[in-house]
Protein chains: 2
Amino acid sequence: MGTDKGLIDSLRLELRRGTLVLSVLSRTDEPKYGYALVQSLLDMGVPIDPNTLYPLLRRLESQGLLISEWETDGPKPRKYYRRTPFGTEIYRELRNEWNQMAGAMELLMKEES
Amino acid sequence: MGTDKGLIDSLRLELRRGTLVLSVLSRTDEPKYGYALVQSLLDMGVPIDPNTLYPLLRRLESQGLLISEWETDGPKPRKYYRRTPFGTEIYRELRNEWNQMAGAMELLMKEES
DNA sequence: TCAATATACTGTACGGCACACACTATTGTC
DNA sequence: GACAATAGTGTGTGCCGTACAGTATATTGA
């Protein structure tokens, strides 16, 4: 069915919402620059387009969860991002939320009605 | 911090997106009426307001994933929902998507960087 | 008997994020 | 020199969970 693919894509997109915040916060315990995050997340099974990541990084910084710092020593200037203490607090709470949700989903899909 | 709670609520809401579709599809292998779904999902750890569920049921029906049927025998008319074959197909694919995503999130949160 | 709550549902508007598009600039590779 | 990769900024849109407004009847408790 022609609409099959489109519907799955749309639903997959909805599932992704929120998880990217968790993904990024989990990777920024240590400072990392944008493009390295793209690679790092790809390696961990979370593909993300730079066009999606950079706006997300800026939003998380504006929300006080990340802090950034330019490094211009190398051949290319890079913006490094690191979790703030507030970001770590939020990350831990969000991880709890995710674990509860994932547990419930696990249960739901195990026993169909 | 005052914005803490609001931010968590907002992020939790984003995590929920998409998962409610999966939840409902997992519960409608057998016909169920709206309000019973509210109870059923609550029992499984997925609290959902009727104001959220009823619009979702109608949307899933309009997308061809569910089919409904009025039952007016009892003291109260009830609208029963059941997955269509297409809905079952989409449910299985979405479950795969979820499992992949959950696996990646598991990995991400296990080894912090 | 009446008020409040629960049950069961319809209709509709809004906020926010992942995505997508447009763009700049430099480095690295062939 | 052309093209892809690297590294980033700016901005608008679609869609879903939520919330608000509403109807109607059954059940419960005073």
Side-chain angles (χ1 to χ4, degrees), chain A residues 3 6-25 31-42 46-63 65-66 68-81 94 97 101, chain B residues 3 6-25 31-42 46-63 65-66 68-81 94 97 101:
Chain A
T3 61
L7 188 49
I8 281 289
D9 282 345
S10 172
L11 293 169
R12 176 192 299 122
L13 195 143
E14 295 304 322
L15 282 180
R16 255 165 83 87
R17 290 173 78 105
T19 62
L20 294 182
V21 172
L22 207 47
S23 302
V24 167
L25 290 180
K32 264 196 183 62
Y33 62 98
Y35 208 80
L37 265 171
V38 171
Q39 302 295 350
S40 174
L41 290 170
L42 182 59
V46 182
I48 184 170
D49 194 89
N51 286 322
T52 300
L53 182 67
Y54 290 114
L56 173 56
L57 289 175
R58 271 192 291 286
R59 195 177 82 247
L60 296 180
E61 183 169 27
S62 74
Q63 288 173 329
L65 307 184
L66 294 179
S68 70
E69 196 170 56
W70 279 103
E71 206 225 49
T72 50
D73 290 347
K76 283 196 170 193
R78 289 168 168 168
K79 208 172 192 182
Y80 280 81
Y81 289 88
L94 207 50
E97 291 293 334
M101 183 172 295
Chain B
T3 60
L7 188 51
I8 282 289
D9 283 345
S10 171
L11 293 168
R12 179 192 297 119
L13 195 141
E14 295 306 323
L15 282 181
R16 256 168 79 90
R17 288 175 78 106
T19 62
L20 294 183
V21 171
L22 205 47
S23 302
V24 167
L25 290 180
K32 266 199 182 60
Y33 62 97
Y35 209 82
L37 265 170
V38 171
Q39 301 295 351
S40 174
L41 290 168
L42 183 59
V46 183
I48 185 171
D49 194 88
N51 286 323
T52 299
L53 181 68
Y54 289 113
L56 174 56
L57 288 176
R58 271 191 294 285
R59 194 176 82 247
L60 295 180
E61 182 169 28
S62 75
Q63 288 171 329
L65 307 183
L66 296 179
S68 69
E69 195 169 55
W70 278 103
E71 206 228 47
T72 50
D73 289 347
K76 282 196 167 190
R78 288 167 169 168
K79 208 172 193 183
Y80 279 80
Y81 290 88
L94 209 49
E97 292 292 334
M101 183 174 296

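Lettering follows sequence order; numbering is per chain, from 1.
For B:Ser23 (side chain) and B:Thr19 (main-chain N/O), a donor-acceptor pair under 3.5 Å exists by modelled atom type. Checking side-chain atoms of B:Ser40 against main-chain N and O of B:Leu37 turns up no donor-acceptor pair under 3.5 Å.
Side-chain contact between B:Leu65 and B:Val24 is absent, with no heavy-atom pair separated by less than 4.5 Å. In this structure, A:Leu25 and A:Leu66 have side chains that are in contact, with non-hydrogen atoms separated by less than 4.5 Å. Proximity of B:Leu57 to B:Leu53: side-chain heavy atoms (C-beta onward) are separated by under 4.5 Å at one or more points. The shortest distance between side-chain heavy atoms of B:Glu14 and A:Val21 does not fall below 4.5 Å.
Rounded to whole angstrom, the span from the CD atom of A:Glu61 across to the P atom of C:dC17 amounts to 16 Å. In this structure, B:Leu56 places its CG atom 18 Å from P of C:dT12, rounding to the nearest Å. In this structure, A:Glu71 atom CD and C:dT26 atom C1' are separated by 16 Å, rounded to whole Å. Atom NZ of B:Lys32 is separated from atom P of C:dT7 by 17 Å (rounded to the nearest Å). Look at CG on B:Asp49: it is 11 Å from C1' on D:dC20, rounded to the nearest Å. Counting to the nearest Å, the P atom of D:dT18 and the CG atom of B:Asp9 are 11 Å from each other. Look at OH on A:Tyr81: it is 14 Å from P on D:dA7, rounded to the nearest Å. Taking atom OH on B:Tyr35 and atom C1' on D:dA24, their separation rounds to 14 Å, with Å as the unit.
Counting atom types as modelled, A:Lys76 pairs a side-chain N or O with a base atom of C:dT26 as donor and acceptor under 3.5 Å. For D:dC15, its base sits under 3.5 Å from the side chain of B:Arg17 at one donor and acceptor pair at least.
No contact: A:Pro50 has no heavy atom under 4.0 Å from any strand. In this structure, A:Ile48 reaches neither bases nor backbone, as no heavy-atom distance under 4.0 Å exists between it and the strands shown.
Residue B:Arg59 has a polar side-chain atom (N or O) positioned under 4.0 Å from OP1 or OP2 of D:dC16. A:Tyr54 has no side-chain polar atom (N or O) that falls below the 4.0 Å cut-off from OP1 or OP2 of D:dT9. A sub-4.0 Å separation between OP1 or OP2 of D:dA7 and a side-chain N or O of A:Tyr33 is present. Applying the 4.0 Å criterion to OP1 and OP2 of C:dG16, one finds that B:Ser10 has every side-chain N and O outside that range.
For the side chain to side chain donor-acceptor pair (under 3.5 Å) test with A:Tyr33, the passing option among A:Arg78, A:Glu71, A:Lys79 is A:Arg78; the others fail.
The side chain of B:Pro75 lies closest to D:dA26, out of D:dG17, D:dA26, C:dT10. In this structure, of D:dG17, C:dA8, C:dG11, it is C:dG11 that holds the atom nearest to the side chain of B:Arg58. Listed nucleotides C:dG11, C:dA18, D:dC15 differ in distance to A:Leu20; the shortest reach to its side chain belongs to C:dA18. In this structure, of C:dT10, C:dT12, C:dA20, it is C:dA20 that holds the atom nearest to the side chain of A:Pro55. Distance from the side chain of B:Arg16 is smallest for D:dG17 among the nucleotides D:dG17, C:dA18, D:dA7.
If B:Gln39 and B:Asn51 are placed on DNA chain C by their nearest nucleotide, the residue sitting closer to the 5' end is B:Gln39. In terms of position on DNA chain D, the residue among A:Arg78 and A:Leu11 whose nearest nucleotide sits closer to the 5' end is A:Arg78.
One finds the CG atom of A:Leu22 at 9.0 Å from the CG atom of B:Leu11 (value rounded to the nearest 0.5 Å).
Comparing the start and finish of the helix from C:dT1-D:dA30 to C:dC30-D:dG1, five pairs each, the helix axis swings through 30°, to the nearest 10 degrees.
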